[in-house]
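Each remark here refers to the structure printed beneath this line.
Since the structure is predicted, the reported quantities are computational estimates derived from the model, not experimental observations.
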Amino acid sequence: IPFTAYYQGSAIYISTSAEFSTITINVENETTGQVWNSTTDISDGMGEISISDGGVGNYSVEIVTEYGECFTGNFRL
């Protein structure tokens, strides 16, 4: 898997050693239905998306690369 993600404060931080310029990050709180989307520069190997006001719940994360590759994961807060 080319991505590592972690939650800290009110943001999800994404890191990769693969060579991508941009990624699109989609996050959904599956408990409330709230959704966040961001296209971010990851050319330095790091990107982030703020999910402030997300609250507790089950979340899904989808990362789409500039080449159309899709990676998904889940976490709970």
Distance-only donor-acceptor hits, side chain of residues 17-24, under 3.5 Å, sequence neighbours excluded:
| unit_1 | atom_1 | unit_2 | atom_2 | d |
| --- | --- | --- | --- | --- |
| Thr24 | OG1 | Thr39 | OG1 | 3.2 |

Trace of the side chain to side chain contact (heavy atoms under 4.5 Å, CB included) decision for Thr4 with Tyr13: CA-CA 8 Å; Thr4 301; Tyr13 296 89; over 6 Å; no
Audit row: Thr40, Ile25, side chain to side chain contact (heavy atoms under 4.5 Å, CB included) steps and yes/no: CA-CA 8 Å; Thr40 186; Ile25 308 167; 3.8 Å; yes
Shared hydrophobic cluster for Val61 and Val64 (ILVMFWY, side-chain gaps under 4.5 Å): no
Greater than 12 external heavy atoms within 6.0 Å of Asp44's CG: yes
Ile14 side, atom CD1; Ile49 side, atom CD1 - distance, nearest 0.5 Å: 8.5 Å
Any Glu28 side-chain heavy atom under 4.5 Å of Tyr59 side chain: no
Nearest-0.5 Å distance, CD of residue Glu48 to CD1 of residue Ile42: 10.5 Å
Flag, side chain of Tyr6 to backbone of Gln8, donor-acceptor distance under 3.5 Å: no
Which atom of Met46 lies closest to which atom of Ser15, heavy atoms considered: SD-CB, 3.4 Å
Shortest non-hydrogen contact from Ile51 toward Tyr7: CD1-CE1, 3.6 Å
Derivation of the side chain to side chain contact (heavy atoms under 4.5 Å, CB included) call for Val27 and Val35: CA-CA 6 Å; Val27 179; Val35 175; over 6 Å; no
Could you tabulate the donor-acceptor pairs under 3.5 Å formed by side-chain atoms of residues 68-77, not counting sequence neighbours?
| unit_1 | atom_1 | unit_2 | atom_2 | d |
| --- | --- | --- | --- | --- |
| Glu69 | OE1 | Thr65 | OG1 | 3.3 |
| Arg76 | NH1 | Asn58 | OD1 | 3.1 |

